[in-house]
Asker: 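Pasting a structure below so you can have a look.
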Amino acid sequence: MKILAIDTSCDESCAAILDTEEPRLLADIVHSHVGAMKQHGGIVPEIASREHLKALPLAVNQALEKAGLTADQLDWIAVTNKPGLIGALLVGVSYAKALAYALKKPFSAVDHIEGHLFSPLLAELEGKTAPPFPWIALVVSGGHTELFHVFSTFQYKRIGGTRDDAAGEAFDKIGKLLGLPYPAGPLIDRLAKSGDRKKYKFPRAILEEYDLSFSGLKTAVNLQVKALGAIDDTLRPDLAASAQEAILEPLVKKIEQAQAMLGVKNVVVAGGVACNSRLRELLPGAYFPSPRHCSDNAAMIGLITHLRLKSGHLIADPWTTTATPN
Ligand code: KG4
Ligand code: ZN
């Protein structure tokens, strides 16, 4: 079976084709809208929706070309229907439904967070192995920071997460305060390598259970930046390193707390912030998907569809499925 998977939950138009036979990925295309967002200093939802209108058909055609298939050779259409930017999701869901209708092929939807959560299993499509269950899993991106206790495929419990900003959002907004372009996460990661992590004492929110908070940190960095006056290249590395540490330290603490309290050894970290080199250094025993599959992609949406089909629990549900932001 050849599954076409689509993800348009945020600012990347993604299309992938998975062959369930081996299984393997025949194509994995991502069109980022970063160029269109840079001039605005962040994601503008309306612009993301309009970019998807242009980039999604291109991504799907490229995926078909890469896989050496024509649309009528597809057997199943899968799409992310939640959570995400509602306009962006609507473009993907409408496109996928229309394609399924035109091709008379089954259609089903996937939860984007579930995609990130089980993205470590993509390793198995490349002949590698993902860590065995159970996991403590952190999904950490521009839109989400959620901690899960994962018992097995599709058996999991959310145990905590951010009460306000996502960690990636904290990277991007703090980057903006430091005069860096969007998305600032990778730039802060790079700058921090030559900075002093202890130079500025930024706060870490200590919340009960497994909850996290980053909005206070953003305010603290803002106050520090104002106190310093003009921010230049001599100040940026120390500010970046100190702020990065204040974002990452609570994430690592909550993971370690969950490991100890729940008696779970294996840790997986997924989502865009999982590309961060310092986070990888702080969690040497954790499993991180390849950077390409940490960021948004449709391969993970295809994988979820394949796994659900294999377990016999997936029913094609074309006309009642809708896009929802949460
Ligand atoms: O998963 P993703 O591609 O999109 C969603 O938000 O769903 O994650 C993007 C986020 C952005 O906030 C970006 O700044 C952050 O991931 N990011 C990083 C790094 N690479 C991407 N944050 C810190 N360090 C990085 N190396
Ligand atoms: Zn994502």
Side-chain angles (χ1 to χ4, degrees), residues 11-12 30 32 34-35 37-43 138-145 162 164-206 212-256 267-296:
D11 64 341
E12 272 121 1
V30 177
S32 168
V34 160
M37 300 305 170
K38 258 202 170 109
Q39 56 184 303
H40 302 283
I43 300 171
L138 175 70
V139 175
V140 63
S141 70
H144 301 274
T145 300
T162 185
D164 40 59
D165 295 348
E169 191 181 350
F171 269 103
D172 296 335
K173 289 185 174 163
I174 287 170
K176 203 169 176 179
L177 295 170
L178 303 186
L180 301 173
Y182 172 85
L187 303 172
I188 291 184
D189 187 355
R190 215 172 308 141
L191 277 168
K193 288 187 204 295
S194 55
D196 177 358
R197 298 194 277 268
K198 296 201 170 92
K199 173 85 184 195
Y200 300 100
K201 304 223 166 352
F202 293 131
R204 280 85 163 139
I206 312 292
L212 294 145
S213 164
F214 299 103
S215 61
L217 171 62
K218 202 174 54 189
T219 309
V221 176
N222 194 17
L223 292 173
Q224 184 64 63
V225 164
K226 282 194 176 133
L228 288 167
I231 300 299
D232 59 22
D233 286 343
T234 60
L235 293 169
R236 270 191 204 104
D238 292 344
L239 283 164
S242 303
Q244 173 173 273
E245 211 64 7
I247 297 172
L248 301 182
E249 211 180 83
L251 295 176
V252 173
K253 274 219 172 99
K254 292 296 177 186
I255 287 174
E256 287 171 349
V267 171
V268 310
V269 187
V273 179
C275 295
N276 186 274
S277 60
R278 176 70 180 146
L279 184 58
R280 288 173 179 240
E281 200 177 289
L282 288 168
L283 291 168
Y287 180 88
F288 292 84
S290 64
R292 176 174 182 75
H293 289 140
C294 282
S295 306
D296 283 350

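By convention here, the first residue in the shown sequence is residue 1. All of these numbers come straight from a predicted model, not from anything done at the bench.
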Asker: Residues in side chain to side chain donor-acceptor pair (under 3.5 Å) with K254, at least two apart?
Answerer: none
Asker: Give me the atom names and distance for the closest heavy-atom approach of S141 to G272.
Answerer: CB-N, 3.9 Å
Asker: Once you round to the nearest 0.5 Å, how far does CG of D172 lie from CD1 of I43?
Answerer: 7.5 Å
Asker: With no hydrogens and no angle check, is any side-chain donor or acceptor of D238 less than 3.5 Å from a backbone partner on D196?
Answerer: yes
Asker: Is any side-chain heavy atom of L187 closer than 4.5 Å to one of F171?
Answerer: no
Asker: For the backbone of R236 and the side chain of D233, can you confirm whether one donor and one acceptor N or O come within less than 3.5 Å of each other?
Answerer: no
Asker: Search all heavy atoms of R280 against all heavy atoms of C294 and return the closest pair with its distance.
Answerer: NH2-SG, 3.6 Å
Asker: Check whether T145 reaches the backbone of A167 with its side chain - one donor and one acceptor, N or O, closer than 3.5 Å.
Answerer: yes
Asker: Supply the atom-to-atom distance L177 CG to L239 CG, rounded to the nearest 0.5 angstrom.
Answerer: 10.0 Å
Asker: Do L279 and V252 have side chains that get closer than 4.5 Å, going by heavy atoms?
Answerer: yes
Asker: Can you tell me how far CZ of R204 sits from CG of L212, rounded to the nearest 0.5 angstrom?
Answerer: 13.0 Å
Asker: Looking at every heavy atom in both G175 and A184, which two are closest together, and how far apart are they?
Answerer: CA-CB, 3.5 Å
Asker: Looking at P181 and K38, what are the two nearest heavy atoms and their distance?
Answerer: CB-CE, 4.0 Å
Asker: Going from NZ on K193 to CD on E281, what distance comes out if it is rounded to the nearest 0.5 angstrom?
Answerer: 7.5 Å
Asker: Applying side-chain contact (heavy atoms from CB on, under 4.5 Å), run through L191 and L178 and close with a yes or a no.
Answerer: CA-CA 11 Å; L191 277 168; L178 303 186; 5.7 Å; no
Asker: Does D165 use its side chain to pair, donor to acceptor, with the backbone of A170 at less than 3.5 Å?
Answerer: no
Asker: Output the distance between atom CD (Q224) and atom CD1 (I231), rounded to the nearest 0.5 Å.
Answerer: 8.0 Å
Asker: Is any side-chain heavy atom of F202 less than 4.5 Å from a side-chain heavy atom of I174?
Answerer: no
Asker: With distance as the sole criterion, is a donor-acceptor pair present between the side chains of D164 and S213 under 3.5 Å?
Answerer: yes
Asker: Hey, could you give me the CZ/CG distance between R278 and L283, rounded to the nearest 0.5 Å?
Answerer: 10.0 Å
Asker: Hey, are the side chains of S295 and C275 touching, using non-hydrogen atoms and a 4.5 Å cut-off?
Answerer: yes
Asker: What residues form a salt bridge (charged side-chain N to carboxylate O under 4.0 Å, His left out) with E12, not counting sequence neighbours?
Answerer: none
Asker: Would you check if R197 and Q244 make a side-chain contact, meaning some heavy-atom pair closer than 4.5 Å?
Answerer: no
Asker: At their closest point, which heavy atom of A246 faces which heavy atom of P203, and how far apart are they?
Answerer: CB-O, 4.1 Å
Asker: Run the side-chain contact (heavy atoms from CB on, under 4.5 Å) check on L248 and L251 step by step: do they pass?
Answerer: CA-CA 5 Å; L248 301 182; L251 295 176; 4.1 Å; yes
Asker: So, K253 and E256, do they make that salt bridge, N to O below 4.0 Å?
Answerer: no
